[in-house]
Amino acid sequence: STSHTQQQRAKQTSTATTYDSALTPIGRWAWGPCMGVDMRGHYAYIGNGFSFQILDITNLDAPILVGEYVTSELIYDVRLKGDSLAFVCNWDGFLIFDVSDPRTPEKLSEIPLWAANRVIPTDSFAYVASGGLLSIIDITDPRNPHIRSQAAGDGGDGDRDQLALFNGRYVYLGDPEWPGWIYAYDCQNPDRIQYLPNLNIAWYSFSVYERNGLLLVGASTRIKVYGLTDPANPVLLGVDTLWAGYPIAGVTAGEFTPE
């Protein structure tokens, strides 16, 4: 009926969505996934969502949060250098912190780098992967770091880049979202990165790690081991397949003494 139709229209009008363009955020919950961890002594330095946190892990059953700095974006990697510096990668860039007092981490500097997600620090440089891009950053003065050179990588969105450094000179960059290749670079001259032949792993590189002249690659459910006798031309030494049904998310290596 006409009256029923009018009632329905009135109901729809009364429940219409109203938009307010003057909304102002008053807070946020910064904690989230933990994707970056490093340790020194009885402290763990972690990325917890947007937050860079320092935990006292003297009692492993009850870690205590002792220091925190909330960054602008999701943290992907945390690496320590010496007794006082921490390097953090988040979606907005590369950050350097003074952590000499774990209770009060102080941000010293920041370089904007879209999708920065992996960092390997050395004495003078930090090698940073961001959005499929490799950057060499001079960290001689932690308060005034600067980019020395950059080189393109996989061309993907690069939010989960994998990075390995050999002999302080050769860098290997992979991306689990860009199949087939690990990109190789000679970084002897920090002002001019030299491209090397790409390493065809024939699958997605979910993890890359260097140990004692061996490049360990998690390629989906396979572990591939390459020899770096000639770093410009890694040689495949062996392959093992894990039938867990899930990609190998991380590869590391250590000393093993059989019982």
Side-chain angles (χ1 to χ4, degrees), residues 34-38 45 47 74-81 85-96 111 113-139 145 147-188 190 193-201 203-219 223-226 228 231-232 234 247-253:
C34 178
M35 295 183 286
V37 178
D38 207 347
Y45 301 76
L74 185 64
I75 293 174
Y76 282 86
D77 201 10
V78 176
R79 289 290 179 266
L80 302 176
K81 176 178 178 288
L85 295 179
F87 301 94
V88 173
C89 287
N90 72 6
W91 194 257
D92 279 346
F94 168 73
L95 301 84
I96 302 179
I111 292 181
L113 281 173
W114 177 75
N117 60 91
R118 289 291 181 271
V119 56
I120 299 177
T122 63
D123 289 340
S124 302
F125 302 106
Y127 299 84
V128 179
S130 59
L133 183 74
L134 172 65
S135 299
I136 300 179
I137 300 176
D138 192 317
I139 55 172
I147 297 174
R148 295 281 292 267
S149 58
Q150 293 179 311
D154 51 40
D157 58 16
D159 63 341
R160 291 186 294 163
D161 289 322
Q162 305 299 315
L163 199 62
L165 175 67
F166 176 57
N167 275 354
R169 171 176 174 177
Y170 298 96
V171 174
Y172 303 92
L173 172 66
D175 184 347
E177 298 172 350
W178 199 259
W181 304 98
I182 289 178
Y183 291 78
Y185 311 89
D186 185 341
C187 300
Q188 183 177 27
I193 300 173
Q194 178 183 349
Y195 290 86
L196 298 175
N198 297 333
L199 178 60
N200 185 359
I201 63 169
W203 207 251
Y204 297 83
S205 54
F206 284 88
S207 52
V208 180
Y209 184 82
E210 187 277 328
R211 174 81 175 192
N212 295 336
L214 298 176
L215 187 66
L216 311 177
V217 178
I223 293 180
K224 294 190 173 185
V225 181
Y226 293 86
L228 298 178
I248 299 168
V251 176
T252 188

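Not measured: the values here are computed from a predicted model.
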Original post:
Can you tell me how far the CZ atom of Arg118 sits from the CG atom of Leu134, to the nearest 0.5 Å?
Top reply: 14.0 Å
**OP:** Grab the two heavy atoms, one from Asn198 and one from Ala184, that are nearest each other, plus how far apart they are.
**Re:** OD1-N, 4.3 Å
Subject >> Spacing of Gln194 atom CD and Cys187 atom SG [to the nearest 0.5 Å] >> reply: 9.5 Å
Subject >> Approximate separation, where rounding is to 0.5 Å, of Ile120 CD1 and Leu163 CG >> reply: 4.0 Å
Original post:
What do the steps show when you test Ile137 against Val119 for side-chain contact (heavy atoms from CB on, under 4.5 Å), and what is the final call?
Top reply: CA-CA 10 Å; Ile137 300 176; Val119 56; over 6 Å; no
Subject >> From CA spacing to verdict: side-chain contact (heavy atoms from CB on, under 4.5 Å), Tyr172, Leu228 >> reply: CA-CA 11 Å; Tyr172 303 92; Leu228 298 178; 3.5 Å; yes
**OP:** Report yes if the side chains of Tyr226 and Val217 come closer than 4.5 Å at any heavy-atom pair, otherwise no.
**Re:** yes
Subject >> Minimal non-hydrogen separation, Gly47 against Ile75, with atom names >> reply: CA-CG2, 3.8 Å
Original post:
Any side-chain heavy-atom pair from Val171 and Ile136 closer than 4.5 angstrom?
Top reply: no
**OP:** Spell out, as yes or no, whether a donor-acceptor pair under 3.5 Å connects the side chain of Asn117 to the backbone of Ala115.
**Re:** yes
Original post:
Which heavy-atom pair separates Leu173 from Ala129 by the least distance, and what is that distance?
Top reply: CD1-CB, 3.8 Å
**OP:** If the plane angle is over 60° it's perpendicular, under 30° parallel, otherwise tilted; pick one for Trp114 and Trp91.
**Re:** perpendicular
**OP:** Taking all heavy atoms of Leu74 and all of Met35, pick out the closest pair and write down the distance.
**Re:** CD2-CE, 3.5 Å
Subject >> Residues Gln162, Ser207; criterion side chain to side chain donor-acceptor pair (under 3.5 Å); working and verdict >> reply: CA-CA 6 Å; Gln162 305 299 315; Ser207 52; 5.5 Å; no
**OP:** For the pair Tyr195 and Tyr185, evaluate ring-ring contact (aromatic ring centres under 6.0 Å, His included) and give the outcome as yes or no after the intermediate values.
**Re:** CA-CA 5 Å; Tyr195 290 86; Tyr185 311 89; 5.6 Å; yes
**OP:** Look up atom CZ in Phe94 and atom CD1 in Ile147, then write down how far apart they are to the nearest 0.5 Å.
**Re:** 9.5 Å
Original post:
If you look at every heavy atom in Thr122 and Lys81, which pair is closest and at what distance?
Top reply: O-CE, 2.9 Å
Original post:
Under the 3.5 angstrom rule, does the side chain of Ser149 hit a backbone N or O of Pro190 as a donor-acceptor pair?
Top reply: yes
**OP:** For Asp38 and Leu80, indicate whether the former's side chain and the latter's backbone hold a donor-acceptor pair under 3.5 Å.
**Re:** yes
**OP:** Determine the minimum heavy-atom distance between Cys89 and Ala116, stating which atoms define it.
**Re:** CB-O, 3.5 Å
Original post:
Can any side-chain N or O of Asn167 pair as donor or acceptor with the backbone N or O of Arg169 at less than 3.5 Å?
Top reply: no
Original post:
What distance do Asp77 atom CG and Asn90 atom CG have between them, rounded to the nearest 0.5 Å?
Top reply: 11.0 Å
**OP:** Find the distance between CD1 (Ile111) and CG (Asp138) and round it off to the nearest 0.5 Å.
**Re:** 9.0 Å
Original post:
Can you name the ring pair (Phe, Tyr, Trp, His ring centres under 6.0 Å) partners of Tyr127, sequence neighbours left out?
Top reply: none
**OP:** Show your working on side-chain contact (heavy atoms from CB on, under 4.5 Å) between Val78 and Phe87 and close with a plain yes or no.
**Re:** CA-CA 6 Å; Val78 176; Phe87 301 94; over 6 Å; no
**OP:** Please assess Tyr170 against Asp186 for the test side-chain contact (heavy atoms from CB on, under 4.5 Å), listing each intermediate value before the final yes or no.
**Re:** CA-CA 5 Å; Tyr170 298 96; Asp186 185 341; 3.9 Å; yes
